[in-house]
Amino acid sequence: MHAKNYVQDLLQEALGQEDLTWPDKATVEPPREEEHGDMASNAALVLASSLGRKPRDLAESLREKIAGDKYLERVEVAGPGFLNFFLKPGFWHLVLSDVFEQGESFGASDAGGGEHVLVEYVSANPTGPLHIGHGRGAAVGDSLARILRFTGHEVTTEYYVNDSGRQIQLLGQSILLRYQELLGQRTDPLPRECYQGEYIRDLARELWELRGEALLDAKEETAESQCANFGLRRMLEQIQADLREFGAGHDIWYRESGLTHGDKIGQTFDYLKERNLVYESDGALWFASSQYGDDKDRVLRKSDGELTYFAADVAYHADKFQRGYERLINVWGADHHGYAPRMNAAVRALGRSQEDLRLLLVQLVNLVRQGQYVSMSTRAGEFVTLADVCNEVGTDAARFIFLSHKSDSHLDFDLDLVKKQSMDNPVYYVQYAHARICSVFKKARDRDYPVQELETTPLQSLEANEELDLLRRLHRFPDMLQGAARTLSPHHLSFYLRDLAGAFHSYYNKYPVLIPEKDKTELCRARLALLSGIAQVLQNGLSLLGVRAPEMM
RNA sequence: GCGCCAGUAGCUCAGUAGGAUAGAGCAACGGCCUUCUAAGCCGUAGGCCGGAGGUUCAAGUCCUCCCUGGCGCGCCA
């Protein structure tokens, strides 16, 4: 039974008796202040002004019609005309049955209505290892996909692999130059535009072990492209391994090169031409993105005949829609936000609604060590990789930090802080709550407490404020997830879990669960049931964040 | 110059479709382990929600202007 629906149904019935209908702007929601009850509604406030009635009078009239319901302790009219609903403990006990019944799917819903959603995330150029900023995108994208799946969306995750073009050519060139250097054929520093990282030397060495000196004799163009292919394959393998290690697996690795093979780009051009959205000017082919709110029109094919990155991207998104996805979510580094207007324009030019593409901009991450920013640049080869960070602080800690921040706010990732096992890093706080509950159960079994069939145990004895508060929190879990899904905000889940863990720790310190007295068996069993429910929700929540729920710490 | 994002306690951040007296954690100070894990708990203190107008019964939240910081503004990718 759902508290919000339950209260809203009561209210709606009362409104019906007054020949009124539920106004759009009216809400039923848990109030911030405990004194304002379990649920509060502004319905009377919203309706009163248009009816020319006093909000408090209307509220009182509704209150009289509702009072006396089975699960209702009382209803109060408060403040300017709010209706505050106080539910009986018995109502909150019901949530535990739901938790036991649904187990690891407690919290799941069909709110998404089976909508087909494609979540594209990371999609870093395979020209170097993933760094910490990609890690943030990976955590957000992966967790968001899990949450959307859990809330009734049909989700596919995808990584767009830029496997052609200038950057890959540069990768090949960089590897070849290092290879020549390795074999004593050159000593000059690499050109500035080349990738300077140490990993390029590793790739060159590996290539030499595989192919010997064969590449020295080959034509430069051939050698370069062989280097590029080799580097691409290796980097992609490494990226895939790093992401797997990080717990973020993509369903599809979509190759940019595939777009040209099937002439998807040409088809997209034709589509836009038919709608008079492209034109030739100064020898280039332009897309009239300014018709859809972009600052200016954008080039699709340059005057030298080369296609732009954007051209491929339009075709790529057209292809996403053609593959049947109803909604696209792109997790981008915030440094790409200037790209958003043209992409939005493209979506509308493709005949889709603006809401069909949702861009989630993830701000970049500053790495901090000993109070100092660690400067990073892929090109210059100065960076700390995602794998390094995970080795140093652990993936659970790293993911939780990423997922504890609103994605569009800047994040200073303090390595020393994240390693600290305290409330500075809430991941341990939440995991500890779970481990503590497991530990209580272990002890309970050791001491032969009745831990069986908790799902049918009577719960009347759960009546302390802390206990009801915990039950209310469990009750809120499904709603919270739907909110996180709607606003694409996995961090809501992190905060929820931290608060739930906090409420539990506090409860744990105040109330003993394993009570020795024989006449308290029922209370003990009820509390064990409560703990079991909390553990389940912690598990479900942590799993959606991609963070482990350890049984002991 | 234009655009996007941010600005909330000393610090790091929440604030969920506008709701009632703005919340956590850290740091500070004072307490709690013979008893289910002290990676924990309890208490004290801390605020002109960047500033100014506006909309509303109601604004941290919506609109306009301004200030500060980050990022982006190419026939680059």
Side-chain angles (χ1 to χ4, degrees), chain A residues 25 27 29-33 35-36 40-42 45-46 48-49 55 78-82 84 125 127 162 165-168 170 281-286 295-296 298-310 312-313 333-341 361 363-364 366 404-412 414 417 420-429 431-433 435-444 446-447 449 476 479-480 482-484 486-487 489 491-492 494-496 498-499 501-502 504-516 527-528 531 552-553:
Chain A
K25 288 180 75 181
T27 58
E29 53 188 11
R32 267 202 276 256
E33 298 293 325
E35 306 90 78
H36 298 146
S41 179
N42 61 356
L45 281 167
V46 174
S49 59
F82 288 102
N84 293 338
N125 279 344
T127 52
N162 292 115
R166 173 98 179 115
Q167 298 307 315
I168 294 299
L170 270 176
S281 175
D282 300 327
L285 186 70
W286 295 74
D295 294 345
K296 49 172 293 204
R298 304 293 172 176
V299 171
L300 293 170
R301 191 180 58 229
K302 298 184 266 178
S303 53
D304 66 3
E306 287 283 315
L307 296 173
T308 60
Y309 182 89
F310 179 55
D313 237 354
D335 53 340
H336 290 83
H337 71 259
Y339 206 69
L361 297 172
Q363 286 289 346
L364 303 186
N366 293 310
S404 298
H405 293 258
K406 209 167 36 171
S407 60
D408 53 9
S409 65
H410 301 264
L411 171 57
D412 285 347
D414 189 323
L417 219 81
K420 270 170 62 179
Q421 300 187 344
S422 71
M423 254 314 253
D424 280 327
N425 183 4
V427 68
Y428 298 107
Y429 187 77
Q431 289 183 321
Y432 184 46
R436 255 185 163 173
I437 294 175
C438 293
S439 167
V440 170
F441 272 92
K442 185 177 180 304
K443 198 131 290 182
D446 290 351
R447 297 186 193 167
Y449 277 83
R476 262 187 51 224
D479 273 349
M480 179 279 304
Q482 285 166 36
R486 190 183 62 244
T487 56
S489 307
H491 72 278
H492 286 157
S494 304
F495 279 90
Y496 169 88
R498 210 196 62 184
D499 291 345
F504 162 72
H505 283 308
S506 182
Y507 175 66
Y508 175 92
N509 267 271
K510 189 165 172 185
Y511 297 91
V513 174
L514 304 180
I515 311 156
R527 286 180 176 170
L528 282 169
L531 258 58
M552 49 192 294
M553 291 173 75

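Look at the C1' atom in both C4(B) and A9(B): the space between them is 28 Å, to the nearest Å. Comparing C2(B) with A45(B), their C1' atoms are spaced 46 Å from each other, to the whole Å. Nucleotides G15(B) and C75(B) are separated by 46 Å at their C1' atoms, to the nearest Å. With both ends at atom C1', the span from U16(B) to G60(B) equals 14 Å, rounded to whole Å. Nucleotides C42(B) and G50(B) place their P atoms 30 Å apart, quoted to the nearest Å. Rounded to whole Å, the P atom of C63(B) lies 12 Å from the corresponding atom of A6(B). Comparing A58(B) with A20(B), their C1' atoms are spaced 9 Å from each other, to the whole Å. For the P atoms, the distance linking C33(B) with A22(B) amounts to 36 Å, nearest Å.
The side chain of Phe495(A) has C13(B) as its nearest neighbour among C42(B), A77(B), C13(B). Residue Thr487(A) has its side chain nearest to U16(B) when only C41(B), U16(B), C36(B) are considered. In the set C36(B), A39(B), G40(B), the nucleotide with an atom closest to the side chain of Met553(A) is A39(B). Comparing C36(B), C41(B), G15(B) against the side chain of Tyr429(A) picks out C41(B) as the nearest. Among A39(B), A20(B), A77(B), the nucleotide with an atom closest to any side-chain atom of Tyr428(A) is A39(B). Candidate nucleotides C75(B), G19(B), C36(B) were compared by shortest atom distance to the side chain of Val440(A), and C36(B) ranks first. Set against G7(B), C36(B), A77(B), the side chain of Thr308(A) has A77(B) as its closest nucleotide.
Atom CG in Leu411(A) sits about 19 Å away from atom P in C5(B), given to the nearest Å. Here the C1' atom of nucleotide A24(B) and the CZ atom of Arg498(A) are 5 Å apart, to the nearest Å. Atom P of nucleotide C41(B) and atom CZ of Phe504(A) are separated by 10 Å, given to the nearest angstrom. In this structure, His405(A) atom NE2 and A6(B) atom C1' are separated by 14 Å, rounded to whole Å. We find that OH of Tyr449(A) is positioned 15 Å from P of U35(B), with the value rounded to whole Å. One atom, CG of Leu417(A), and another, P of G25(B), lie 16 Å apart when rounded to the nearest Å. Look at CG on Leu170(A): it is 11 Å from C1' on C76(B), rounded to the nearest Å. Distance Asn366(A) CG to C13(B) P: 10 Å, rounded to the nearest Å.
One cannot find a donor-acceptor pair under 3.5 Å joining the base of A20(B) and the side-chain atoms of Asn42(A). The base of C36(B) has none of its N or O atoms less than 3.5 Å from a complementary donor or acceptor on the side chain of Ser439(A).
Residue Arg447(A) is in sugar-phosphate contact alone, with no base atom involved, counting any heavy-atom pair closer than 4.0 Å across all strands shown. Residue contacts for Met480(A): at a heavy-atom cut-off of 4.0 Å it reaches no nucleic acid atom on any strand shown. Among the heavy atoms of the strands, none lies under 4.0 Å from Asp446(A). Across all strands, Ala78(A) comes closer than 4.0 Å to base atoms (heavy-atom distances). Note on Ser506(A): only backbone sugar-phosphate atoms sit closer than 4.0 angstrom, heavy atoms only; bases stay farther off. At the heavy-atom level, Asp479(A) lies nowhere under 4.0 Å from the strands shown. Residue contacts for Ala40(A): at a heavy-atom cut-off of 4.0 Å it reaches a base atom on one of the strands shown. Looking at heavy-atom distances under 4.0 Å, Tyr496(A) makes no contact with the nucleic acid at all. Residue contacts shown for Lys442(A) are absent, as no nucleic acid heavy atom lies under 4.0 Å away. Using a 4.0 Å heavy-atom cutoff across all strands shown, Ala435(A) reaches at least one base atom of the nucleic acid.
Contact annotation: Ser404(A) side-chain N/O to C13(B) OP1/OP2 distance is not under 4.0 Å. In this structure, Tyr508(A) does not reach the C42(B) phosphate: none of its side-chain N or O atoms is under 4.0 Å from OP1 or OP2. Neither OP1 nor OP2 of U16(B) sits under 4.0 Å from any side-chain N or O of Arg476(A). The phosphate of A14(B) has OP1 or OP2 within less than 4.0 Å of a side-chain N or O from Ser409(A). The side chain of Lys302(A) contributes an N or O atom lying less than 4.0 Å from OP1 or OP2 of C76(B).
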Grab the N/O contacts between the protein and nucleotides 67-73 of chain B below 3.5 Å, and write none if there aren't any.
unit_1, atom_1, unit_2, atom_2, d
C71(B), O2, His337(A), NE2, 3.3

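Atom NE2 of residue His405(A) and atom CG of residue Leu411(A) lie 4.5 Å apart, to the nearest 0.5 angstrom. In this structure, CG on Asn162(A) lies 8.5 Å from CD on Gln167(A), to the nearest 0.5 angstrom. The CE atom of Met552(A) sits 13.5 Å away from the CD atom of Gln431(A) when rounded to the nearest 0.5 Å. Residue Lys443(A) holds its NZ atom at 9.0 Å from CG of Leu514(A), rounded to the nearest 0.5 Å.
Between the side chain of Tyr508(A) and the main chain of Val513(A), no donor-acceptor pair closer than 3.5 Å is present. When atom types are taken as modelled, the side chain of Thr308(A) and the backbone of Leu300(A) share a donor-acceptor pair closer than 3.5 angstrom. Side chain of Asp282(A) to main chain of Ala284(A): no donor-acceptor pair is present (N/O by atom type, distance under 3.5 Å, no hydrogens or angles). Asn42(A) places a side-chain N or O within donor-acceptor distance of the main-chain N or O of Thr27(A), the cut-off being under 3.5 Å.
Note: Phe495(A) and His491(A) have perpendicular aromatic rings, judged against thresholds of 30 and 60 degrees for the angle between ring planes.
The nearest heavy atom of RNA chain B to Ala284(A) and to His36(A) marks one nucleotide each, and the one closer to the 5' end goes with His36(A). Mapping Glu29(A) and Trp286(A) onto RNA chain B by nearest heavy atom places Glu29(A) closer to the 5' end of the strand.
Side chain to side chain, Arg527(A) and Tyr507(A) meet the donor-acceptor criterion of an N or O pair below 3.5 Å.
Between the side-chain ring of Phe82(A) and the base of A20(B), a stacking contact exists by the 5.5 Å and 30° definition.
Consecutive pairing runs in RNA chain B reach the stem threshold at B:1-7 with B:67-73, B:10-13 with B:23-26, B:28-32 with B:40-44, B:50-54 with B:62-66, where a stem means at least three Watson-Crick or G-U wobble pairs with distances under 3.5 Å.
The shortest heavy-atom contact between Asn84(A) and Ala40(A) is OD1-CB, 3.4 Å. In terms of heavy atoms, Ser409(A) sits closest to Gln363(A) at O-CB, 3.5 Å.
For C66(B), the O4'-C1' to base torsion is more than 90° from 0; the nucleotide is therefore anti.
The side chain to side chain donor-acceptor pair (under 3.5 Å) search around Arg436(A) returns Tyr432(A), His505(A), not counting sequence neighbours.
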